[in-house]
Amino acid sequence: MKLDLDRGIIEECRACARAIADEVVREARAVTTTSIERAVVRLLGVDGVDSSGVPLPNVLVDEFRRANRLAGGAAQAVAELVALGMTPQQVAETAASGELRARWCEDTEGGAEALDAYRTRAALEPYVEAGLARIRASVERRDEFLGLYGHGQEPLLYVIVATGNIYEDVVQAEAAAHAGADIIAVIRSTAQSLLDYVPYGATTEGYGGTFATQENFRIMRRALDEASAATGRYIRLVNYCSGLCMPEIAAMGAFERLDMMLNDSMYGILFRDINLRRTFADQYFSRMINAYADVVINTGEDNYLTTADAVDEAHTVLASQFINEALARRSGLRPDRMGLGHAFEIDPALPNSFLYELAHAQLARDIFPEAPLKYMPPTKHMTGDVFRGYVMNAMFNLVGVTSGQSIQLLGMLTEAIHTPHIQDRYLAVKNAKYVFGAARDLGNEISFAPGGIIQTRAAEVLSKAHAALLRANELGLPGAIAEGMFGGISRRSDQGRGLDGVIERVADYWNPFEDRLRDELGLNPSEGV
Amino acid sequence: MKLDLDRGIIEECRACARAIADEVVREARAVTTTSIERAVVRLLGVDGVDSSGVPLPNVLVDEFRRANRLAGGAAQAVAELVALGMTPQQVAETAASGELRARWCEDTEGGAEALDAYRTRAALEPYVEAGLARIRASVERRDEFLGLYGHGQEPLLYVIVATGNIYEDVVQAEAAAHAGADIIAVIRSTAQSLLDYVPYGATTEGYGGTFATQENFRIMRRALDEASAATGRYIRLVNYCSGLCMPEIAAMGAFERLDMMLNDSMYGILFRDINLRRTFADQYFSRMINAYADVVINTGEDNYLTTADAVDEAHTVLASQFINEALARRSGLRPDRMGLGHAFEIDPALPNSFLYELAHAQLARDIFPEAPLKYMPPTKHMTGDVFRGYVMNAMFNLVGVTSGQSIQLLGMLTEAIHTPHIQDRYLAVKNAKYVFGAARDLGNEISFAPGGIIQTRAAEVLSKAHAALLRANELGLPGAIAEGMFGGISRRSDQGRGLDGVIERVADYWNPFEDRLRDELGLNPSEGV
Amino acid sequence: MSGNLQVGLTRVMAYGDTLNDGKVQLSFSLPVRYGPEAIEAAKQLAAKMGLEDVDVVCAHDLGGPFTFFIVYGKCRHSVDVTALSVPRIAIDSMGFDELNEFVRAHLDRKIVVVAACTGSDAHTVGIDAIMNMKGFAGEPGLERYSCFEAHNLGAQVPNETLVAEAIRLRADAVLVSQVVTQKNVHIANLTALVDLAEAEGIRDDMIFIVGGPRISHELALELGFDAGFGAGTLPCQVASFIARQVVKNAHRTDAVLPEER
Amino acid sequence: MSGNLQVGLTRVMAYGDTLNDGKVQLSFSLPVRYGPEAIEAAKQLAAKMGLEDVDVVCAHDLGGPFTFFIVYGKCRHSVDVTALSVPRIAIDSMGFDELNEFVRAHLDRKIVVVAACTGSDAHTVGIDAIMNMKGFAGEPGLERYSCFEAHNLGAQVPNETLVAEAIRLRADAVLVSQVVTQKNVHIANLTALVDLAEAEGIRDDMIFIVGGPRISHELALELGFDAGFGAGTLPCQVASFIARQVVKNAHRTDAVLPEER
Ligand code: B12
Ligand code: B12
Ligand SMILES: Cc1ncc(COP(=O)(O)O)c(C=O)c1O
Ligand SMILES: Cc1ncc(COP(=O)(O)O)c(C=O)c1O
């Protein structure tokens with residue numbers, strides 16, 4: 001540890017975060033959500049849209065909801081129909097054609113009660129297994145690629161594409177890979193996170209980003225596989241496992257071999273005003289899927305610093321990292337799959353800002369030694385002066401390589417102007433490659449003055465984070481959020497979008513994927529119950 | 001010392017350099033040069049041009065030369081005429097009108113011999129005193145300004161102007177001062193260093209720079225004094241005390257309150273093929289004037305790295321710094337007026353180039369703790385990619401502030417394209433201000449791993465410099481230069497421009513300024529004789 | 001000293017290091033494969049833009065059929081600065097106390113301001129900077145002024161909601177923030193807002209103001225707003241503008257917004 | 001995949017993130033005092049250059065009557081890539097051994113090359129890169145080739161000296177380096193060289209080549225040279241060009257440069 005931090009405090013922070021997480025998971029496991037159930041039916045193989053373009057998972061789950069069957073889990077309802085000889089996809093199509101309601105009445109009303117639960121559930125087994133096998137196949141394929149091309153050298157170069165048109169995105173992504181990028185994130189269209197369904201098919205119209213659809217995932221994955229072959233490096237694909245459809249996207253990403261997914265325990269609550277209970281339930285299940293798909297999650301602490309001051313609120317980033325870590329563990333994610341987020345957002349005019357940035361970045365590294373830390377570039381203090389911005393990005397890159405970050409989200413010199421143009425990304429990659437190469441071993445070369453500005457700053461942030469975690473444990477996480485602890489934004493459990501999609505589980509609620517994943521991921525089945 | 005260098009080796013290097021310098025000075029003091037004598041007459045107050053535009057110092061010294069009076073010193077010849085009632089300026093004007101030759105025959109041929117040397121020399125005393133007083137007045141004025149505005153914070157921001165037109169230069173300099181520059185250097189027109197006279201008056205036509213003339217010095221000094229008043233910072237002025245007219249420019253700069261002058265013991269020899277003996281004699285006297293005028297000299301070791309490789313030849317920079325230091329001492333320059341030069345010129349593609357740059361820069365700082373080190377930006381590896389260049393300049397600025405450089409010659413993002421445009425300089429200043437501010441205390445914060453890449457590199461450069469100095473001492477500096485030790489360029493003592501302006505001194509050679517300056521600067525009168 | 005430079009204001013050209021040298025820097029990519037043809041294409045494009053002595057100082061292969069260029073040249077175009085007419089917001093910014101005092105003196109009520117980030121835009125930092133107590137760059141926001149009754153509806157507010165709230169609260173001024181401008185999504189959204197306000201018959205009863213980093217006063221006027229505020233706006237500028245307008249319109253406003261509406 | 005993008009080669013526009021979006025970046029200074037008028041002037045200049053949706057994303061006060069701008073916009077100009085004719089040097093670069101072999105096979109003597117940095121130019125690194133043993137970027141220079149007799153006259157060589165030496169040494173090729181281009185000093189100097197060579201009647205007897213970072217083949221042809229080499233030139237490219245030309249002209253050359261000259 002370069003910062004000579006007090007290990008005792010770190011341990012106390014972890015303990016606190018564990019307690020907070022246990023409480024969150026307990027509440028999360030008491031409910032299910034429409035999106036969790038849609039994810040379940042997707043994992044069972046349901047895909048496609050109805051004649052008016054509504055995704056079949058929505059059609060089906062809505063249907064179940066109307067029939068009051070969601071509290072027991074969509075799987076149970078599907079199973080009953082599958083036991084009668086349909087495939088899950090047929091179940092969904094039947095729902096779409098309006099016939100399910102008819103059959104429903106006919107076959108199951110009363111009838112299903114008769115079928116013994118074990119038999120119906122067993123009928124679904126092949127589909128559950130097929131879903132999981134599909135995920136495992138993705139994992140294997142990725143491992144093959146990684147074996148072939150290697151893992152790449154950290155910090156990995158992460159860039160975004162955001163044209164709104166998946167085909168233009170491909171063009172941009174190919175150019176980025178050619179320039180040397182390791183990771184491509186397809187940014188989502190502005191409003192998608194608030195949609196309570198996942199759009200379908202290839203899309204060419206988005207604002208500030210491109211819709212996350214399974215087809216778009218596929219198109220980009222294929223393009224990046226080609227780029228991997230062309231460049232001899234495995235080019236990773238990222239999308240957003242967040243918003244009202246978080247678990248579904250986790251499932252889609254697992255199928256289509258996304259390598260990383262942005263998934264934060266609180267981002268949606270704070271920044272999209274999505275209901276707290278909905279979010280906690282969704283993320284708990286989503287992360288199990290992520291874990292099984294061997295996806296690296298990227299958390300969103302960096303976002304706090306876009307609304308709050310990066311010096312004043314640095315400790316909230318750290319506190320949140322501890323919480324994200326504790327929650328991720330409970331979903332079976334390995335420490336080396338937790339891309340905890342933080343950011344280089346201090347006002348560049350602050351004297352010694354570089355020292356503070358270094359202190360913050362090293363703090364994350366020292367405290368989470370195994371985490372593939374995701375380090376975000378300056379955004380808030382970027383201006384139209386693209387030259388100045390390019391230099392700020394270089395300083396950010398220098399902190400990244402010096403403090404041993406894992407995933408370096410490259411800053412764009414045009415950050416304050418537009419979503420990146422093809423050359424912006426090229427320049428960003430060249431900037432990072434130059435700085436990373438020129439200062440490759442700097443981190444090993446230097447040590448910080450004991451009790452100097454950097455160590456003092458790091459200790460201060462840790463101690464404030466500790467205090468915040470104590471308080472959050474006292475209040476419970478919902479209480480802390482209501483108090484505006486994170487990003488200066490206050491949210492209440494009984495408000496926010498998507499609350500109506502939260503359903504208390506009944507006693508014999510069944511989610512075969514949750515059960516299997518807990519099993520496969522070695523999670524204690526009673527944890528958090 | 002951050003690099004934990006072997007102090008014994010450093011001492012040996014200094015001893016070697018002293019021995020080398022003693023030999024150089026011994027030879028330098030055996031001769032005079034046309035330019036030294038022109039400087040003497042300038043110091044006596046001679047100025048202006050003749051009807052065909054030839055500067056009067058040239059007219060007069062040429063006249064003396066024709067009359068075979070230079071070996072005794074122009075002062076002696078002037079004194080004899082002054083003793084007869086003329087002012088030095090009148091002597092020069094008489095020479096210009098062609099009448100001197102007549103009077104010369106008439107009055108002095110034989111006649112002068114009769115006047116006793118003491119009386120003639122005494123006649124010149126008021127003019128000598130007036131010349132020195134004018135320099136002292138400049139020094140006092142500078143001290144006043146520095147008292148008023150302060151010395152500024154190091155690294156000082158140094159930028160060049162080079163439009164070719166002194167009036168445009170003023171515009172550019174004012175804008176630079178407004179942006180925050182501390183030091184303005186007016187680059188000279190390409191061919192000036194090879195002219196054996198100093199152009200006269202305000203000039204508006206130069207290539208790659210503006211002619212150094214006394215009037216141009218004045219125009220810029222006035223503009224910068226106004227800028228100092230406007231910005232509340234003392235804006236320093238720099239020009240080139242080099243080329244065939246080195247001593248004259250030293251005199252002009254002393255009169256016009258230049259604050260720094262580029263003056264290297266070997267630059268002219270190596271890069272302008274100016275004769276070695278001429279250069280050593282010129283620089284020896286020039287530096288005495290610089291010292292008296294309290295000017296900071298900037299040496300030119302950075303230039304080696306424009307032709308030679310910055311890693312392979314780093315030790316030649318250091319060896320040359322030791323030599324420049326030893327020679328400067330012998331001209332009475334204080335250690336804190338020796339702006340020893342070095343540069344950030346390592347190929348940016350070299351892995352860990354930043355670490356090597358840091359090692360080199362820290363090496364200079366550790367070895368010359370009092371020197372106002374002049375640190376030159378990347379130039380050779382700059383390309384038309386102005387964005388890349390801007391980032392290289394930021395890394396350079398970071399090394400500068402971290403290693404405690406004094407004079408930071410700001411890199412221009414358009415280095416590979418054109419002499420700086422108004423916005424290039426603005427951007428350069430902003431770059432430096434950002435990096436210096438953001439990393440202000442980084443140097444105090446970090447230490448280098450014992451035996452790490454940085455310390456090892458520094459030790460290696462020192463040891464190679466040591467070997468080079470031993471060899472140079474063995475060969476004598478002319479021998480080392482002939483061998484191509486510096487910048488990979490080989491020059492011989494009996495070749496090069498301006499050799500014909502070198503004249504062996506006769507026994508009663510008289511240069512009242514040399515005598516007075518040695519006295520005032522506390523130099524041992526017999527040193528080097 | 002720079003008085004030495006005689007700039008002719010009717011034919012102002014770009015300036016590098018010599019008056020009227022026209023020096024400009026350009027950068028762009030072309031969908032043309034890297035090579036001499038691409039460089040020639042870049043030169044021609046620059047020439048069409050009016051550049052002479054075009055120097056393609058840098059060409060980078062972006063992979064596939066793309067090349068990035070950095071170009072320097074002399075632009076022969078000039079601008080007549082004497083003929084410029086810049087629509088300016090007449091803000092004679094008042095200080096915090098002065099402004100509160102001004103409103104107290106001229107109006108017997110608080111000024112009602114309703115603000116939102118509309119459409120799909122969720123960038124609240126800008127509008128918060130104007131509205132929140134805390135304000136921006138040391139300047140307090142509208143909520144802190146005693147003369148304002150400030151309502152901030154937050155992010156991603158539909159135009160319909162904003163207009164309804166403005167009517168309900170009997171707003172004097174409606175403040176809209178637009179930060180996302182990709183594919184001109186803001187133009188569509190702002191136009192829709194004005195249309196809606198007109199349809200509801202309130203357009204002339206309230207001051208409509210739009211702000212955001214890519215907004216100019218000129219654009220705002222074009223779109224039918226009363227004012228536009230760009231990057232770096234201070235709350236006091238907005239406050240002063242609103243207060244002066246409201247006081248000026250005071251009588252008329254009272255007339256068209258009667259109790260019973 | 002990017003085959004999906006259908007680039008129309010006759011109307012190629014700048015590309016930001018969408019085909020034909022025309023996005024370009026500009027920067028320049030104007031001799032206009034910082035303020036809204038200056039920004040408007042910058043917009044108008046950009047508009048004259050053919051930009052639409054002009055966005056002055058940055059304006060810095062340079063002090064006095066100067067402002068610096070960074071501008072983004074959509075350039076409406078396009079280039080017909082199918083109609084480009086790029087004068088190209090026909091270099092089919094040979095390797096070191098291959099080239100020596102080629103000359104030995106076709107010529108019974110060494111090729112004489114005389115090089116210099118002429119006029120006031122003292123930048124020898126470029127010409128040294130081409131001439132010196134050591135060469136450039138791992139490629140040996142002309143001095144290393146057995147097929148060349150290479151003379152490097154160094155820096156700041158007057159045109160007169162270069163021409164005289166070329167005649168004296170019976171040069172096959174004259175190589176000139178020009179790095180300083182401020183105020184087009186290189187154009188004047190290069191033109192003078194060609195004039196001199198013509199006056200001396202040797203222009204057509206020797207290959208005249210110019211090189212330097214701001215030199216293009218096109219410019220060289222315009223100025224009356226046989227070839228121009230720009231930034232990043234490798235010695236083998238120059239060597240190959242010379243060797244092929246000399247071999248091609250061998251008979252004619254022998255005729256016009258007889259022993260007695
Ligand atoms: C912070 C930020 C975010 C935060 C927003 C948090 C929040 N609660 O606001 C988060 C992380 C959530 C975010 C998300 C996104 N962002 Co964002 N974001 C930014 C960022 C970094 C800073 C914006 C900011 O806060 N500026 C500081 C404030 C104070 O400045 P300002 O907004 O200009 O406001 C001032 C003036 O303009 C004016 N003003 C502003 N509004 C108003 C209104 C009135 C009435 C008045 C009088 C004045 C006024 O006064 C203010 C004070 O001076 C910018 C990049 C940048 N550096 O500008 C990108 C940026 C704005 N974001 C962008 C995008 C695309 C997005 C996303 C759409 C990406 C995606 N697909 O997920 C999302 C979705 C957001 C959405 N639905 O709108 C793009 C927009 C591109 C474009 N021109 O269209 C930018 C430019 C980044 C980029 N280069 O891609 N973002
Ligand atoms: C090194 C250097 C110097 C060194 C030169 C040392 C030396 N012995 O050459 C020193 C320090 C002495 C110097 C001095 C000056 N320099 Co200088 N210098 C540079 C610098 C940093 C690098 C040039 C270089 O060596 N490039 C590396 C070589 C390998 O590249 P190259 O020259 O392009 O050569 C390649 C090709 O062009 C081609 N090529 C070149 N010549 C030829 C010839 C033939 C026949 C062929 C086939 C090919 C060929 O092949 C080469 C290999 O690929 C440039 C900035 C830059 N980064 O480019 C400024 C630069 C060239 N210098 C500049 C100036 C103004 C000067 C001075 C005039 C400044 C002054 N007033 O004092 C002085 C005076 C020099 C003079 N009288 O000419 C300007 C020129 C501006 C302009 N466009 O007019 C530049 C661009 C810097 C700037 N932005 O101001 N300089
Ligand atoms: C963790 C996380 N999730 C999601 C997002 C954005 O997704 P959306 O705006 O589409 O919800 C972000 C933003 O950067 C993020 O950090
Ligand atoms: C010490 C020194 N003197 C002089 C010069 C240049 O002067 P000139 O080319 O006019 O001789 C330089 C170049 O940078 C230099 O470093």
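First the proteins, then the strands, lettered A, B, ... as listed; each starts at 1. Because the structure is predicted, anything quoted here is derived from the model rather than measured.
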Side chain, backbone, both or neither: which part of D21(C) has a non-hydrogen atom closer than 4.5 Å to chain D?
neither

State, with a plain yes or no, whether a side-chain heavy atom of D53(D) is found less than 4.5 Å away from one of N184(C).
yes

Looking at L51(C), V81(C), L30(C), D55(C), which one has more heavy-atom pairs under 4.5 Å with chain D than the rest?
D55(C)

Given a strict heavy-atom distance threshold of 4.5 Å, which part of V57(C) is in contact with chain D: side chain, backbone, both, or neither?
both

Contact part of I39(C) toward chain D, heavy-atom cut-off under 4.5 Å: side chain, backbone, both or neither?
neither

About how many Å separate OH of Y15(D) and OG1 of T67(C), when rounded to the nearest 0.5 Å?
13.0 Å

Nearest-0.5 Å distance, NZ of residue K183(C) to OG1 of residue T18(D)
5.0 Å

Mind ranking S78(C), A38(C), G16(C) by heavy-atom pairs under 4.5 Å with chain D and telling me who comes out on top?
S78(C)

Among residues 211-221 of chain D, those lying within the under-4.5 Å heavy-atom range of chain C are R214(D), S216(D), E218(D)

For residues 235-244 of chain C, give me every residue with a non-hydrogen atom less than 4.5 Å from any non-hydrogen atom of chain D.
none

Applying a criterion of heavy atom separation less than 4.5 Å, what residues of residues 41-48 of chain D form contacts with chain C?
A41(D), K43(D), Q44(D), L45(D), K48(D)

Under 4.5 Å from a heavy atom of chain D, the part of V24(C) involved:
both

Can you tell me which residue pairs pass the side chain to side chain donor-acceptor pair (under 3.5 Å) test with a partner in residues 25-34 of chain C, sequence neighbours excluded?
Q423(A)-S29(C), Q25(C)-Q25(D), Q25(C)-S27(D), S27(C)-Q25(D)

If you count heavy-atom pairs within less than 4.5 Å of chain C, which of P36(D), G230(D), G22(D), S85(D) leads?
P36(D)

About how many Å separate CG of L9(D) and CD of E37(C), when rounded to the nearest 0.5 Å?
11.0 Å

